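Here it is: the structure, laid out below.
Quick caveat: nothing in here was measured; it's all calculated off a predicted structure. Below, read A as the first sequence line, B as the second, and so on, with proteins coming before strands; counting in each chain starts at 1.
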2 protein chains.
Amino acid sequence: MPTLTAAARRERERDSYNAYLAECPSHNLLAQISSKWVTLLLAALSAGPLRYSDLSRAIPSVSQKMLTQSLRTMERDGLVVRTVTAAVPVRVDYELTALGGSLVGLMTQVKDWAESHMDNVYEARREYDSRAAAEPVATLNKRG
Amino acid sequence: MPTLTAAARRERERDSYNAYLAECPSHNLLAQISSKWVTLLLAALSAGPLRYSDLSRAIPSVSQKMLTQSLRTMERDGLVVRTVTAAVPVRVDYELTALGGSLVGLMTQVKDWAESHMDNVYEARREYDSRAAAEPVATLNKRG
DNA sequence: CAGCATCCACATTGATACTG
DNA sequence: CAGTATCAATGTGGATGCTG
């Protein structure tokens with residue numbers, strides 16, 4: 001019976017590891033800010049509050065669905081505040097919280113790192129790709 | 001004919017914006033490190049070189065597919081080096097490069113931020129959720 | 001204006017089976 | 001041991017149409 005047990009044990013290991021991952025704060029944060037739209041929204045709002053339509057115009061590539069959805073999660077996570085002004089056409093403003101502001105600060109760090117190291121990455125890619133193209137025979141891969 | 005033109009213009013705006021985004025270094029990097037597996041692999045390798053099977057055991061939740069795939073991209077981007085030792089059962093080691101090491105450093109920054117601010121996020125969520133639960137009538141949402 | 005609901009296309013990932 | 005190849009499930013995001 002050990003055959004089955006081994007598989008079962010692996011599965012349990014995975015589950016617990018996944019559970020652990022789900023709780024990891026830094027991992028959560030990373031997932032959070034790494035969303036394309038969250039990043040862009042934080043950047044757009046860093047200059048000051050904006051209306052829904054302003055954001056829509058500031059980031060032309062976002063669909064209302066993702067715009068709304070992203071703003072909701074950000075609001076829920078305390079990164080932005082949503083202010084509704086009851087008028088004839090309703091007016092909704094979004095503004096960074098202090099927490100959101102500090103996240104922008106972190107993203108700036110990331111940005112700086114990226115800009116100072118991206119050359120290395122690009123060159124590494126070029127090298128890797130040229131090596132791959134010049135590959136002797138190898139195990140008969142795609143390009144065969 | 002302006003009706004069509006407006007839509008077309010929006011589309012073009014999006015395309016160019018998307019093209020811009022695709023080139024943005026910090027955005028690329030963010031996408032890179034925010035991959036679940038890349039993060040975990042960097043962390044696992046930060047202590048020193050490991051073999052393929054070691055990594056597999058260190059991160060029980062990863063499938064060979066994603067393990068290999070992630071390692072390949074990381075290798076291509078110059079974050080790790082792959083060393084094959086021709087023996088009877090082949091031996092392959094993975095090791096962080098200097099570039100990979102500095103990325104680990106960045107991730108540490110992110111981790112620190114996350115750990116020091118995650119409480120705020122969690123509390124914001126609790127508040128938001130309780131407010132949502134106490135919602136007066138609203139526009140007849142899910143929980144209706 | 002600001003948003004929600006629905007349907008759908010596509011990319012990402014996981015499970016499985018096989019190989020040098 | 002260290003992968004490759006393939007298929008199926010899943011989720012994420014986009015387009016569209018409608019509302020207060």
Side-chain angles (χ1 to χ4, degrees), chain A residues 7-8 10-11 14-15 17-18 21 31-32 34-41 49-73 75 80 82-94 135 137-144, chain B residues 3 7-8 10-11 13-15 17-18 21-22 31-32 34-38 40-41 49-73 75 80 82-94 132 135-144:
Chain A
R10 283 192 71 81
E11 198 183 332
R14 288 202 198 175
D15 289 353
Y17 200 82
N18 283 331
L21 284 180
Q32 185 64 225
S34 65
S35 151
K36 193 176 171 181
W37 309 125
V38 171
T39 319
L40 294 170
L41 286 171
L50 288 175
R51 301 180 57 174
Y52 184 89
S53 49
D54 292 333
L55 288 169
S56 182
R57 241 167 288 113
I59 310 170
S61 55
V62 73
S63 60
Q64 310 105 307
K65 180 181 177 175
M66 291 321 291
L67 180 54
T68 302
Q69 184 175 303
S70 307
L71 285 169
R72 283 294 123 81
T73 9
E75 189 196 356
V80 299
R82 177 172 176 270
T83 317
V84 183
T85 310
V88 182
V90 215
R91 177 201 175 101
V92 181
D93 289 84
Y94 290 92
E135 226 167 54
V137 194
T139 54
L140 151 67
N141 45 21
K142 329 88 192 180
R143 260 180 332 295
Chain B
T3 314
R10 284 193 70 81
E11 198 183 331
E13 270 175 22
R14 288 203 198 173
D15 289 353
Y17 200 81
N18 283 330
L21 283 180
Q32 185 65 225
S34 65
S35 150
K36 191 175 171 180
W37 308 126
V38 170
L40 294 170
L41 286 170
L50 287 176
R51 300 180 59 173
Y52 183 89
S53 48
D54 292 333
L55 288 168
S56 183
R57 241 168 288 114
I59 310 170
S61 55
V62 73
S63 61
Q64 311 107 305
K65 181 181 177 175
M66 292 318 292
L67 179 54
T68 302
Q69 186 174 304
S70 306
L71 286 169
R72 284 293 123 81
T73 9
E75 190 196 356
V80 299
R82 176 172 176 271
T83 317
V84 184
T85 310
V88 180
V90 216
R91 178 199 175 102
V92 181
D93 288 84
Y94 290 91
E135 228 167 55
V137 194
T139 53
L140 151 68
N141 44 22
K142 328 92 191 173
R143 259 178 333 293

Distance check, rounded to the nearest 0.5 Å: A:L40 atom CG versus A:S61 atom OG?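 Atom-to-atom, A:L40:CG and A:S61:OG are 6.5 Å apart.
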Without decimals, in angstroms, what is the distance between B:M66 CE and C:dT16 C1'?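 Those two atoms, CE and C1', are 16 Å apart.
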Shortest non-hydrogen contact from A:A58 toward B:Y17: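 Residues A:A58 and B:Y17, closest heavy atoms: O-OH, 3.7 Å.
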Nucleotide C:dC4, atom P - distance to CG of A:L67 in whole Å: 11 Å
In whole angstrom, what separates B:L50's CG from D:dA2's C1'?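 From B:L50 CG to D:dA2 C1': 15 Å.
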Within this structure, what is the CD-to-P distance between A:E75 and C:dA2, rounded to whole angstrom? 15 Å
Atom CZ of B:R57 to atom P of D:dG3: distance rounded to whole Å? 14 Å
Below the 4.0 Å mark, does C:dC1 have OP1 or OP2 next to a side-chain nitrogen or oxygen of A:R51? no
Treating B:S35 as the side-chain partner and B:Q32 as the backbone partner, does any N or O pair qualify as donor plus acceptor under 3.5 Å? no
State whether the side chain of A:S34 and the backbone N or O of A:A31 hold a donor-acceptor pair below 3.5 Å, judged by distance alone.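 Here the side-chain-to-backbone pair exists.
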So does B:T68 get a side-chain nitrogen or oxygen closer than 4.0 Å to the phosphate oxygens (OP1/OP2) of D:dG3? no
Length of the OH-C1' vector between B:Y94 and D:dG3, whole Å: 8 Å
Going by number, which of residues 84-92 of chain B have a non-hydrogen atom under 4.0 Å from DNA chain C? B:V90
Pick the nucleotide of DNA chain C nearest each of A:L71 and B:Q64; which residue has the one closer to the 5' end?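 Here A:L71 is the residue nearer the 5' end.
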Does OP1 or OP2 of D:dA2 have a side-chain N or O of B:R82 closer than 4.0 Å?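 False: B:R82 side-chain N/O out of range (4.0 Å or more) of D:dA2 OP1/OP2.
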B:K65 side-chain proximity, nearest of C:dA2, D:dC7, C:dT6: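 For B:K65, the side-chain atoms sit closest to D:dC7.
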Send over the distance from B:K36 NZ to C:dT13 C1', rounded to a whole Å. 9 Å
Supply the atom-to-atom distance B:I59 CD1 to B:D54 CG, rounded to the nearest 0.5 angstrom.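 That separation rounds to 11.0 Å.
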For the pair made of CD in B:Q69 and C1' in C:dT13, what is the distance, rounded to whole Å? 8 Å
For side chain to side chain contact (heavy atoms under 4.5 Å, CB included), just list the numbers for A:L41 and A:Y94, CA-CA rounded to whole Å, side-chain angles, deciding distance to a tenth of an Å, and then say yes or no. CA-CA 10 Å; A:L41 286 171; A:Y94 290 92; over 6 Å; no
Once you round to the nearest 0.5 Å, how far does CG of A:L67 lie from CH2 of A:W37?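 Taking CG in A:L67 and CH2 in A:W37, the distance rounds to 9.5 Å.
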Just N and O in the side chain of B:S63: are any of them under 4.0 Å from OP1 or OP2 of C:dT13?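 Checking B:S63 against C:dT13: no side-chain N or O falls below 4.0 Å of OP1 or OP2.
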